[in-house]
Amino acid sequence: MASRMVYFFGGGKAEGNAKMKELLGGKGANLAEMANLGVPVPPGFTITTEVCTHYYQNKKTHMKGLKEKVQQAIQKVEKLMGKKFGDSENPLLFSVRSGARKSMPGMMETVLNVGLNQKTIPGLVKQSGGDERFVYDAYRRLIMMYSDVVMEKAAGIEPKDDEGIRKQLEKIMDQLKKQKGCKSDTDLTAEDLKNLCTSFKAKIKEVLHKDFPDDPNEQLWGGINAVFSSWNGKRAVSYRRIEGIPDEWGTAVNVQTMVFGNMGNNSATGVAFTRNPGNGENNFYGEYLINAQGEDVVAGIRTPAPINQYSKSEHNKELVALEKAMPKPYKELFAIQNRLEKHYHDMQDIEFTIENGRLFMLQCRIGKRNGPAAVRMAMDMLKEKLIKKEEAVMRVTPSQLDELLHPIIDPMAEKAQKPIARGLPAGPGGACGQIVYNAVDAVEWAKQGKMVILVREETNPEDVEGMRAAKGILTARGGMTSHAALVARGWGKCCIVGCSALEVDLGKKEVHIAGKVLKEGDWLTLNGTKGVVYQGQLPMIDATRNELLHGFLKVCDSLRKLGIRTNADTPEDAEKARQFGAEGIGLFRTEHMFYGIGSDEPLFILRKMILSSTLEERKNAIAELYPYVKKDIKATISAMDGLPVVIRLLDPPLHEFVPRDRARLEALAKDLNISMEELEKRAVNLHESNPMMGHRGVRLGITYPEITEMQIRAIFESSAELLKEGKKPYPEIMVPVVCCSWELEDQFAIAKRIYKEVLAKYNLKKIKHMFGTMIEVPRAAIVADKLAEFAEFFSFGTNDLTQMSFGFSRDDIGGFLPDYIRKGILPGDPFQSIDQVGLGELIKMGIQRGRKTRKNLEVGICGEHGGEPKSIEFCHRVGMDYVSCSPFRVPIARLAAAQAAVINK
Ligand code: PEP
Ligand code: MG
């Protein structure tokens with residue numbers, strides 16, 4: 001056995017320290033650290049996590065020598081306290097608590113007041129200055145806790161609901177209170193409590209067929225074993241599954257001298273934070289209760305009072321602050337919290353008890369905080385020189401940063417609400433609105449100033465206007481990279497997809513969820529960050545951008561190595577992304593400019609082009625389309641003046657654009673001067689049984705070189721015009737869905753020819769640009785060395801690369817992914833976070849082979865993973881030059897890239 005099993009702390013020193021969390025658990029390590037700092041902690045000892053793991057591996061036999069080690073530690077405590085465990089004159093009592101490496105709040109057991117028995121009761125009465133009531137209250141608490149935790153739970157007895165021993169004892173207590181006409185526990189007299197203890201013991205004997213133990217040592221070991229057992233209790237096990245905490249860690253057990261916050265009005269107990277965890281302000285913040293034990297604060301029966309003026313709120317402003325009620329211990333507490341924060345270089349969450357005017361610290365740990373508070377604390381501490389830049393950027397998690405970027409549901413209101421359904425969290429933030437069932441209604445209602453939630457089976461490009469108008473989008477089908485998800489995320493819009501509990505009846509305009517029927521106009525609230533749906537209208541908090549956030553992101557920028565670009569398809573999005581700090585566009589999806597934004601005209605002409613059957617027809621349509629394409633491209637390059645803009649040639653299968661409604665089809669037939677019959681025939685011809693692997697991407701450009709030509713011309717001519725206007729255009733032309741180098745050779749030959757023509761037309765020597773390719777077919781990664789002979793840059797399209805590597809359709813994954821995750825077959829959605837084991841290898845190979853041919857090959861990512869923190873860390877590690885993500889994720893990417901640089905330093 002490597003360790004010594006038992007670590008003592010107290011009296012200004014300890015055998016452990018804060019670095020020993022694995023062995024001593026978080027609580028034990030921090031108690032040791034505080035003792036070493038000379039902070040007044042009640043002395044005690046920690047039994048290590050190793051004992052816990054050994055205990056279970058060896059079927060509950062204790063490790064050799066443990067009893068002796070514990071005995072020695074008890075003697076040390078006795079010496080320090082001048083009290084004795086089990087002594088009738090001056091007894092020492094212990095608390096026995098769990099403490100895992102990572103905090104598992106409320107998941108394991110605690111026993112307090114251990115060592116109290118018939119013999120020691122008089123001694124405690126003496127210590128408390130004759131307060132019999134206090135002593136019998138402590139004794140009844142011990143009996144209640146112990147019979148429940150040790151005699152029942154740890155013994156493996158599983159009573160039915162409501163029949164557990166604790167419940168039965170509570171019933172006896174309630175009866176007595178009723179009999180005596182008492183409102184609260186504190187109205188019971190010493191005599192009442194004494195009788196209660198006797199009744200409790202009788203009940204225990206009756207139900208559990210065992211006597212409540214009177215021997216302090218039996219109590220202590222019962223407590224220690226029960227805490228170890230609770231590591232394997234149901235609650236703890238399921239919590240570990242959710243939080244990903246390994247079973248092998250085990251818990252430590254902390255045995256600590258009892259101090260009493262309930263020894264009268266000169267005693268108190270409380271919880272405090274060294275800074276305000278709600279907003280980050282550098283002010284000591286907390287609450288306390290006079291004459292109470294810790295569990296009373298948690299139980300919420302009495303309203304806790306503020307510790308100081310700063311902590312006053314609407315709820316507690318009438319109550320006396322600790323600084324007024326007990327100025328001396330408060331002053332000491334204030335000095336200690338200051339020291340602890342300086343020592344740990346982070347905000348601390350502390351628990352304290354004041355026993356008869358004397359202050360004790362029971363716990364300190366790094367305090368949890370919300371997003372705005374995290375950013376504020378990081379920046380303040382940096383300014384105060386408490387932490388370095390590297391630490392500051394690690395202090396804010398990407399999801400905390402996300403809280404600052406979107407409106408969210410008021411957390412207090414959300415807590416009180418039960419979800420009616422869950423789906424995939426496709427677009428973050430919260431949204432609240434009235435249900436509409438189609439895009440036209442969404443637009444119409446929004447025009448009337450109503451807030452709407454668009455509910456659909458799934459969405460397609462024709463819904464885009466409605467999606468734009470809606471506050472939030474909810475679909476029954478689809479995965480994280482389905483159309484709805486992609487578009488919503490691009491706009492920073494709240495969106496939940498793949499919510500399979502929905503049964504949408506578009507005809508009747510109603511949706512069935514969990515046995516409820518919701519009609520058009522009914523209210524829904526969505527939490528797109530978690531994928532949770534609520535019925536009704538919940539209040540929202542507007543999380544607006546602030547100066548502090550920009551300052552924080554600048555600190556991130558000073559550390560990161562990865563460039564951050566954005567996926568933007570309109571000049572407005574480009575502008576927004578630039579404000580968020582994007583350093584270029586990593587993906588401009590040409591086809592998105594046709595998705596129903598603004599005028600219908602370009603889409604109409606595009607449809608004409610698609611449904612043309614002769615070269616002549618197509619060329620005419622292309623000529624008509626050209627000015628529209630050029631206008632958008634020019635505006636976007638201009639918005640990104642001086643920064644690179646990756647423009648991707650047309651990608652999707654053409655049939656996606658064929659309209660479904662008759663009126664639109666008729667208009668097209670008329671314009672093309674053909675019959676409806678002929679038009680329908682052409683549309684049917686475009687149909688493919690597997691469009692994602694069909695006539696799309698570069699394959700379109702190979703079949704219809706004139707389409708490539710038109711796009712390249714639009715890019716170079718708009719750049720030429722911008723140059724003439726004194727701007728600095730920098731287009732990077734990108735070919736999608738490439739699988740072999742000859743496709744690139746074919747397309748770049750066209751591009752080079754057009755480039756020369758444009759130079760001549762505008763009398764220019766050069767337009768700064770690059771030619772490159774997407775890597776989104778597995779074969780492309782394998783032949784990357786060949787592709788790099790033509791391509792000057794690679795951009796990994798990990799949406800399609802994931803789809804084609806796994807063979808999972810990105811639009812249909814919602815149907816089976818939940819089962820894969822529930823059964824532990826996949827750790828998570830591979831469309832959200834890069835599958836580093838499989839896809840990761842392919843990406844690494846692609847980069848290595850590409851750079852072997854072309855040393856200065858620029859490499860980026862433009863799949864949705866480019867905005868996901870774990871994937872960004874991966875991109876940093878494999879040496880990409882930049883990541884590209886939707887505008888609203890740019891700040892998160894800046895943070896994640898900085899964190900990747902710090903972690904991999
Ligand atoms: C990709 O496949 O990763 C990509 C960015 O292209 P799209 O999502 O448009 O298919
Ligand atoms: Mg793709």
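Both counts, for ligands and for their atoms, begin at 1 and track the order of listing.
- Of all the N, O or S atoms in D800, the one closest to the Mg ion (ligand 2) is OD2.
- The pair R810-D800 counts as a salt bridge, with a side-chain nitrogen and a carboxylate oxygen less than 4.0 angstrom apart.
- A donor-acceptor contact under 3.5 angstrom links the side chains of S833 and E868, judged on distance only.
- Every residue meeting the salt bridge (Lys or Arg N to Asp or Glu O under 4.0 Å) condition with R713, not counting sequence neighbours, appears here in chain and number order: E709, E757.
- Look at E591 and R696 and you find no salt bridge, because none of the NZ, NE, NH1 or NH2 atoms lies under 4.0 Å from a carboxylate O.
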Check residues 787-797 and write down every donor-acceptor pair under 3.5 Å in which the side-chain atom is one partner and the other belongs to a residue at least two apart or another chain.
unit_1 : atom_1 : unit_2 : atom_2 : d
E792   : OE1    : F771   : N      : 2.7

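- Scored by the salt bridge (Lys or Arg N to Asp or Glu O under 4.0 Å) test, R560 finds D557, E583 as partners (sequence neighbours excluded).
- Side-chain atoms of E457 and Y437 include no donor-acceptor pair closer than 3.5 Å.
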Ligand 1: protein N/O within less than 3.5 Å of ligand N/O:
unit_1   : atom_1 : unit_2 : atom_2 : d
ligand 1 : 2 (O)  : E776   : OE1    : 2.9
ligand 1 : 2 (O)  : D800   : N      : 2.9
ligand 1 : 2 (O)  : D800   : OD2    : 3.1
ligand 1 : 3 (O)  : G797   : O      : 3.2
ligand 1 : 3 (O)  : T798   : N      : 3.0
ligand 1 : 3 (O)  : N799   : N      : 2.7
ligand 1 : 3 (O)  : N799   : ND2    : 3.4
ligand 1 : 6 (O)  : R648   : NH1    : 2.9
ligand 1 : 8 (O)  : R589   : NH2    : 2.8
ligand 1 : 8 (O)  : N799   : ND2    : 2.9
ligand 1 : 8 (O)  : R810   : NH2    : 2.8
ligand 1 : 9 (O)  : R589   : NE     : 2.7
ligand 1 : 9 (O)  : R589   : NH2    : 3.3
ligand 1 : 9 (O)  : R648   : NH1    : 3.0
ligand 1 : 9 (O)  : R648   : NH2    : 2.9
ligand 1 : 10 (O) : D800   : OD2    : 3.0
ligand 1 : 10 (O) : R810   : NH1    : 2.9

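- The Mg ion (ligand 2) has an N, O or S atom of E776 inside 2.8 Å of it.
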